[in-house]
Number of protein chains: 2
Amino acid sequence: MSLRHALLALLENRPMTGYELAKQFDESAIYVWHAQHPQIYTELRKMEADGLIDVSAARRGTKATKRTYFLTEAGASELTRWVSEPQQPPRERDPAYLKAIYFEFGSFANARRQFEAHLEHYRRLERQWRAHADQLERRDTDLIRRRLARAPEKAHDAIVDFKVHTYRGLIERAKVEVAWAKRGLAMVDRLERDAGIAEGDEVSPPQIDSIESSE
Amino acid sequence: MSLRHALLALLENRPMTGYELAKQFDESAIYVWHAQHPQIYTELRKMEADGLIDVSAARRGTKATKRTYFLTEAGASELTRWVSEPQQPPRERDPAYLKAIYFEFGSFANARRQFEAHLEHYRRLERQWRAHADQLERRDTDLIRRRLARAPEKAHDAIVDFKVHTYRGLIERAKVEVAWAKRGLAMVDRLERDAGIAEGDEVSPPQIDSIESSE
DNA sequence: ACAGCCATGTAAGTCGTTACATGATTGC
DNA sequence: GCAATCATGTAACGACTTACATGGCTGT
């Protein structure tokens, strides 16, 4: 249930609408968690029902309502409970790596394309996270300024350092992905030189192995 | 729909029962994808309905049936289609990193516990992946031997190298996590020395920020 | 007789995605 | 008047987890 806690943590800084929350998740490197707007609106309603957040609704035009959510005390204490609860590590589930294990079922050109896309993707992520980490370190984002303003001065270093440490960790992750893809491209070049396999062919297509032939 | 393709790829080596497939996912470092048995049994039935796999059912006792699945030609060509299809990168969604951003809401002791658990987890993963990568490189697993036996010799290097490259990539990932957690522990030590905050306290508890106080 | 592993499922529920749908406000 | 952006939702479906349930086989 991490979406819930990501939302609580954002609302701890200031009251926001579902739309604003969705933007944080969507548009930027700011966030380490992805979610789409229908899930966010739905989760906010549930959190309201559970008393973790409260809403101040305002009319918009004749029919629409603008709902601005803010933390309740129950929400604040749920946040501290969650932070102190042991976090079980995520299950391994990366489709790019799964596919890479079976690149033999495609052509060398395909492996190359896949590694190139991987490279591009993580280069972009690295840039974005780096920009955000730098901004945080300078204490130069809207949210961090609000956070520090409401915290005792002696806690400021810890608040910033925990966040910067996390984004720097994500940068290191991205760098590992970039390096992996680069080594992958070099490997494809080498394999293609060594093997006498025609351009565009599958390296070694899958074969069916029926009961009869195996037992 | 990666579970489906993970299953197809395993069945490409040899026919297996749902139970055997579940073991591969469950028990070992062999696999880069996690799944529980109910999902596997359900997915196998769907794949059968879609004609990607076929089954040879055998009686077990009076009521039970042992169902051994094998690839069909449609399954084999679905595998090659999937490998050549562009793979969109996974969304960022790591609860451990999300939580680390908000370690300020807990105590230093909590941050330390969390980093230690992270460290232990990825050390174990690294060991397991390393063992598997080494075995693969020596061409010394059941599945890789079966795979190579049914492939043209000139393709052997590529088949092994793609897999080894992937597991070595996972090892690098795990090492980055270990290093991140170690730096995290050092950071906690430093912060705790610097700040005059009492043992066991929250660093800076969340505060509620209602509409009134913010606008 | 019992333990431990082999083997297969159902049911209920949560989490997450995609497609569809509607209306308001701001600036040009 | 139009486009872009603000703003909020529903419906259907697919992916995944957890709990529950049953029975067979092998070795001690």
Side-chain angles (χ1 to χ4, degrees), chain A residues 1-8 10 15-28 31-50 52-53 55-69 82 88-95 98, chain B residues 1-8 10 15-28 31-50 53 55-69 82 87-95 98:
Chain A
M1 262 216 276
S2 280
L3 172 60
R4 168 163 296 206
H5 299 104
L7 292 169
L8 286 175
L10 286 174
M16 288 192 226
T17 64
Y19 184 83
E20 287 176 288
L21 288 162
K23 260 201 316 181
Q24 300 279 333
F25 278 77
D26 218 63
E27 124 203 315
S28 69
Y31 236 66
V32 300
W33 197 268
H34 169 87
Q36 249 112 18
H37 82 262
Q39 202 192 354
I40 291 171
Y41 285 114
T42 313
E43 186 63 28
L44 285 170
R45 290 302 181 115
K46 280 193 228 153
M47 289 160 72
E48 192 192 342
D50 292 347
L52 301 178
I53 57 179
V55 69
S56 118
R59 289 277 110 58
R60 285 182 76 235
T62 40
K63 297 176 186 176
T65 318
K66 178 172 165 166
R67 304 169 64 80
T68 304
Y69 291 98
W82 167 71
Q88 51 187 95
R91 330 285 192 135
E92 295 302 324
R93 210 175 261 151
D94 187 331
L98 178 64
Chain B
M1 257 215 281
S2 279
L3 172 60
R4 169 164 295 205
H5 299 104
L7 293 168
L8 286 174
L10 285 173
M16 289 192 225
T17 65
Y19 184 82
E20 287 177 287
L21 288 161
K23 261 201 313 181
Q24 301 279 334
F25 278 77
D26 219 62
E27 128 203 312
S28 70
Y31 235 67
V32 300
W33 197 268
H34 169 86
Q36 249 111 19
H37 80 265
Q39 201 191 354
I40 291 171
Y41 285 115
T42 314
E43 186 63 30
L44 285 169
R45 289 301 181 113
K46 282 195 228 154
M47 290 161 72
E48 192 191 343
D50 292 346
I53 57 179
V55 68
S56 117
R59 287 277 109 58
R60 287 181 76 236
T62 39
K63 299 175 187 176
T65 319
K66 177 171 165 165
R67 303 170 63 81
T68 303
Y69 291 97
W82 167 71
Q87 182 56 55
Q88 51 188 97
R91 329 286 192 135
E92 295 302 325
R93 210 174 258 152
D94 186 331
L98 177 65

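Each chain gets a letter, A, B and so on, in the order the sequences are listed, and its residues count up from 1. Only this structure's heavy atoms are used, side chains among them; waters, hydrogens and symmetry mates stay out.
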Task: Length of the line joining Q36(B):CD and dG9(C):P, which is rounded to integer Å - done: 17 Å
TODO: Give the rounded distance in Å between these two atoms: NZ of K66(B) and P of dT8(C).
DONE: 7 Å
Task: Y19(B) side chain, from C-beta outward: closest of dA7(D), dT17(D), dT8(C) - done: dT8(C)
- [ ] Determine the minimum heavy-atom distance between F25(B) and W33(B), stating which atoms define it.
- [x] CD2-O, 3.2 Å
Open item on the list: Does the plane of the ring in H5(B) sit parallel, tilted or perpendicular to the ring in W82(B)? Use 30° and 60° as the thresholds.
Closed with: parallel
- [ ] Would you indicate whether the side-chain heavy atoms of L44(B) and R67(B) approach each other to under 4.5 Å?
- [x] no
Open item on the list: Rounded to whole Å, please give me the gap between NE2 in H37(B) and P in dA7(C).
Closed with: 13 Å
- [ ] Provide, to the nearest angstrom, the distance between the CG atom belonging to L21(A) and the P atom belonging to dA7(D).
- [x] 11 Å
Open item on the list: Under 4.0 Å, heavy atoms only, any strand: does T42(A) hit a base, just the sugar-phosphate, or nothing?
Closed with: nothing
Open item on the list: Under 4.0 Å from OP1 or OP2 of dA15(D): is there any side-chain N or O of Q39(B) that close?
Closed with: no
Task: Length of the CZ-P vector between F25(B) and dC16(D), whole Å - done: 10 Å
TODO: Taking all non-hydrogen atoms of both residues into account, name the closest pair between L7(B) and I40(B) and its distance.
DONE: CD2-CG2, 4.1 Å
Task: Y69(B) OH - dG9(C) C1' separation (whole Å) - done: 11 Å
TODO: Keeping the roles fixed (side chain from E20(A), backbone from T17(A)), state whether a donor-acceptor pair exists under 3.5 Å.
DONE: yes
Task: Distance, rounded to the nearest Å, where Y41(A) contributes OH and dG16(C) contributes P - done: 18 Å
TODO: Would you mind reading off the distance between R67(A) atom CZ and dA7(D) atom C1', rounded to a whole angstrom?
DONE: 12 Å
TODO: Look at all strands and tell whether R4(B) reaches a base, only sugar-phosphate, or nothing, counting heavy atoms closer than 4.0 Å.
DONE: nothing
Task: Most 5' of E20(A) and P38(A) on DNA chain D, judged by nearest nucleotide - done: E20(A)
Task: Upstream residue (5' side of DNA chain D) when T17(A) and R93(A) are each assigned their closest nucleotide - done: T17(A)
Open item on the list: Between M1(A) and K23(B), which residue's closest nucleotide on DNA chain C lies nearer the 5′ terminus?
Closed with: K23(B)
